[in-house]
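Next up is a structure, given as structure tokens.
Throughout, protein chains are lettered first and strands after them, A, B, ... in sequence-line order, and every chain is numbered starting at 1.
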There are 2 protein chains.
Amino acid sequence: MSAPAKRGPFPRLAAFQTAHVDERLDALLVTHGPNVFYLTGFRGSAGMLLVQSDTASLIVDSRYVTLARELLDHSHDEAAIELVEVERSYEETVAELVRRHRPRRVGFEAAHTTVSQYEWWCRALDDTEIHLERTTNLVEMARLVKDAEEISTLREAGVRIAGVMRDIRSRLTPGQSEREIAADVDWAIRVAGFEGPAFDTIVATGPNTALPHARPGPRRLVSGDLVLLDFGGVLDGYCVDVTRVVSLGPPPEAVRRWHQAVREAHDAALAAVVPGVLPTHVDHAARTVLEHHGMGDAFGHGTGHGLGIEVHEAPRLGKPRAQSDAEETALEPGVVFTVEPGVYFAGEGGIRLEDDVVVTDTGYELLTDMSLDLIVV
Amino acid sequence: MSAPAKRGPFPRLAAFQTAHVDERLDALLVTHGPNVFYLTGFRGSAGMLLVQSDTASLIVDSRYVTLARELLDHSHDEAAIELVEVERSYEETVAELVRRHRPRRVGFEAAHTTVSQYEWWCRALDDTEIHLERTTNLVEMARLVKDAEEISTLREAGVRIAGVMRDIRSRLTPGQSEREIAADVDWAIRVAGFEGPAFDTIVATGPNTALPHARPGPRRLVSGDLVLLDFGGVLDGYCVDVTRVVSLGPPPEAVRRWHQAVREAHDAALAAVVPGVLPTHVDHAARTVLEHHGMGDAFGHGTGHGLGIEVHEAPRLGKPRAQSDAEETALEPGVVFTVEPGVYFAGEGGIRLEDDVVVTDTGYELLTDMSLDLIVV
């Protein structure tokens with residue numbers, strides 16, 4: 001039996017082994033990269049992890065062998081994780097590894113395993129006693145509440161991304177194209193010390209602000225334009241994500257009304273954040289404000305999404321969904337997410353205001369501290 | 001019956017319907033974003049397509065409704081594709097749509113459908129006569145041979161990315177960090193007119209060049225360093241990908257030997273490209289050269305990968321794989337891929353040289369025309 005407070009060089013892996021691998025499963029095959037990173041610190045565009053009760057195998061291809069070996073050597077505990085190199089394909093190497101270790105019940109991540117992979121493994125293990133069992137969100141639920149180290153990284157990332165936003169919005173001038181501004185944003189994200197953008201940077205100008213997920217194009221800024229800037233950065237593997245809107249010159253009355261409504265919705269969402277509240281309730285708080293302003297139909301997306309190793313992860317802050325009501329988990333201290341109400345009017349324009357917060361014992365801490373005013377330059 | 005040369009606003013969709021939907025399947029559910037883009041021109045971070053024999057349904061969530069509507073309005077053929085907005089979840093909307101249209105045999109993309117999604121759909125359609133059937137690579141195989149428009153885009157992208165490489169390598173100076181250089185690369189990619197980088201830009205310096213997929217870090221360039229630059233851009237949805245190595249000052253004899261061997265391997269791979277040749281043969285040509293130089297073990301990855309809407313797509317140019325031999329398809333005119341042999345010596349350094357080519361009637365056309373010399377600055 002394992003000691004209850006198992007630490008060692010991979011404390012998250014050890015905690016996960018204690019919590020999950022001894023009960024219902026003899027092993028868990030982790031195919032989702034962010035989950036592999038969370039448990040081991042290994043980050044590549046590929047890589048899988050077979051977790052057993054007292055050991056784990058990190059499976060990588062030749063591109064990542066040196067990186068993985070350095071990571072494991074660095075841990076000074078060779079027993080914790082064995083390194084397995086892919087010979088021909090990940091699927092084949094995993095099947096051989098499972099045949100060698102012979103855990104009886106092998107969990108797999110049903111949301112991160114394709115039908116092709118699953119059926120390949122079923123065939124490859126057909127002549128054994130090994131049984132593949134669906135699992136859902138096991139590592140994701142462990143990732144939901146961030147530890148002190150993760151919050152410290154996200155806090156630092158929040159300060160830096162707010163600095164990038166202040167810098168970029170002060171430099172907007174007529175004549176710049178959306179693509180040029182996006183190039184400046186991505187450069188500033190890197191220079192601020194991030195590994196890179198957390199997602200495709202959104203720079204929408206004029207009527208393009210009505211598209212919640214606009215792709216930066218050739219359109220050039222003209223006086224009077226709205227500019228919606230939505231970008232994020234990855235710091236030590238963790239994502240932050242912010243949105244602000246800038247007006248080039250005094251905005252028309254309609255834009256002021258949109259902005260005021262979204263700002264009130266943003267305030268209402270934040271005010272709803274306390275430990276124990278359901279994510280749908282935070283969404284409801286923002287949505288109700290926009291409905292009172294007669295803009296309920298202009299707010300098509302959810303109020304926010306979890307942040308961490310992925311830029312979209314649990315929790316989802318949206319309307320209740322029939323199938324997933326049972327999965328709704330109340331917010332607790334350490335959960336990190338965005339608050340980003342918005343309104344969009346096709347052909348006219350849109351406003352979105354987005355910040356990142358971490359739930360605390362009494363409410364929330366704002367990770368991205370910037371003015372919510374409609375910036376006029 | 002459809003006319004044999006169906007064109008209209010979505011010629012790829014029409015050709016695909018003619019080729020695939022009338023035979024074995026009544027419908028195909030396309031869940032892979034690049035495949036949706038190929039068939040319709042719609043590009044979002046989400047979106048699915050239900051293809052039937054004479055109609056198709058594009059399923060998007062509220063973030064992309066305006067974009068999708070503009071695309072479909074622009075086509076001046078409302079019958080070709082209907083727009084369906086997601087209410088609660090993609091899975092639910094797809095299930096309702098399928099129940100409404102009632103195709104009997106619905107193909108799904110087994111390599112792009114998770115076990116969770118598949119089982120959800122099975123349950124949701126359990127009380128119907130609708131049968132879900134696995135398909136593999138149907139749209140991918142249609143994408144393998146690029147049409148004139150695609151090749152024209154890739155040719156333009158190749159010229160531009162070569163320009164970025166020339167520009168960046170001439171500006172390397174001691175003191176720059178890997179991250180700063182990567183920021184400059186990404187900025188230059190955008191300014192060259194690309195929508196953005198095609199993948200996380202690789203800037204590896206000194207011993208980090210031994211890591212085929214190094215992540216740019218804080219390490220600063222010092223005189224005598226090797227610098228490996230591997231980056232790509234997305235132009236109108238199509239990816240290009242190049243690698244060159246620069247030496248800051250005269251390289252040691254070992255580096256010259258590595259570079260000469262990789263260059264010969266690169267030449268040998270290109271010389272092997274003719275219509276009708278197997279991708280494994282092109283890999284073998286490069287590999288044999290490196291083996292003759294005694295560097296076979298230092299070349300752990302494949303010689304190249306297909307390029308197009310995805311930065312890694314068919315064909316794979318690597319060693320033969322037991323399971324996939326039967327799937328090996330001879331190269332034919334219009335197939336686009338990278339040629340990128342490399343050697344890596346842990347703790348010392350590495351060299352990779354990567355170009356993009358399109359197969360022609362008689363051999364190949366180089367899309368990325370740059371010197372293969374070891375650049376010394």
Problem set entry | chain B contact via A/Phe194 - side chain, backbone, both or neither, heavy atoms under 4.5 Å |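 Contact with chain B involves the backbone of A/Phe194 alone.
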Exercise. So how far is it from A/Ser45 OG to B/Arg215 CZ, rounded to the nearest 0.5 Å?
Worked result: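 Going from the OG atom of A/Ser45 to the CZ atom of B/Arg215 covers 9.0 Å.
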Problem set entry | Closest non-hydrogen atom pair, B/Gly300 against A/Ser62 |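 Minimum heavy-atom contact is O-OG, 3.0 Å.
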Exercise. Which heavy atom of A/Ser116 sits nearest a heavy atom of B/Ala111, and at what distance?
Worked result: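 Shortest heavy-atom contact: OG-N, 3.2 Å.
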Exercise. Can you name the nearest heavy-atom pair linking A/Leu211 to B/Leu67, along with the distance?
Worked result: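 Scanning both residues completely, I find the closest heavy atoms to be CD2-N, 3.9 Å.
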For this session: Please examine the side chains of B/Glu195 and A/Pro216, heavy atoms only from C-beta on, and report whether any two atoms are closer than 4.5 Å.
Result: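 Contact flag for A/Pro216/B/Glu195 side chains = no.
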Exercise. Listed by chain and number, what are the salt bridge (charged side-chain N to carboxylate O under 4.0 Å, His left out) partners of B/Glu119, not counting sequence neighbours?
Worked result: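 B/Glu119 satisfies salt bridge (charged side-chain N to carboxylate O under 4.0 Å, His left out) with A/Arg134 only.
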Problem set entry | chain A contacts, top residue of B/Thr114, B/Val191, B/Val115, B/Asp200 (heavy-atom pairs, under 4.5 Å) |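 Looking at each option in turn, the highest pair count goes to B/Val115.
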Problem set entry | Partner residues of B/Asp167 under the salt bridge (charged side-chain N to carboxylate O under 4.0 Å, His left out) criterion, sequence neighbours left out |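 Here the qualifying residues are B/Arg171.
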Problem set entry | Partners meeting salt bridge (charged side-chain N to carboxylate O under 4.0 Å, His left out) with B/Glu85 (sequence neighbours left out) |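 Salt bridge (charged side-chain N to carboxylate O under 4.0 Å, His left out) check on B/Glu85 returns nothing, list empty.
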Exercise. So which bits of residues 179-189 of chain B come within less than 4.5 Å of chain A, counting non-hydrogen atoms only?
Worked result: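 Listed by number, the contacting residues are B/Arg179, B/Ala182, B/Ala183, B/Asp184, B/Asp186, B/Trp187.
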Problem set entry | Flag if over 12 foreign heavy atoms under 6.0 Å of CD, B/Glu87 |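 No - once you tally the heavy atoms of other residues, nucleotides and ligands closer than 6.0 Å, there are 12 at most.
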For this session: Look at B/Gly44, B/Pro212, B/Ser177, B/Ala110 and state which one has the largest set of heavy-atom pairs under 4.5 Å with chain A.
Result: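 Heavy-atom pairs under 4.5 Å are most numerous for B/Ala110.
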Exercise. Atom NE2 in A/His301, atom CZ in B/Arg63: separation rounded to 0.5 Å?
Worked result: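 With rounding to 0.5 Å, NE2 (A/His301) is 9.0 Å from CZ (B/Arg63).
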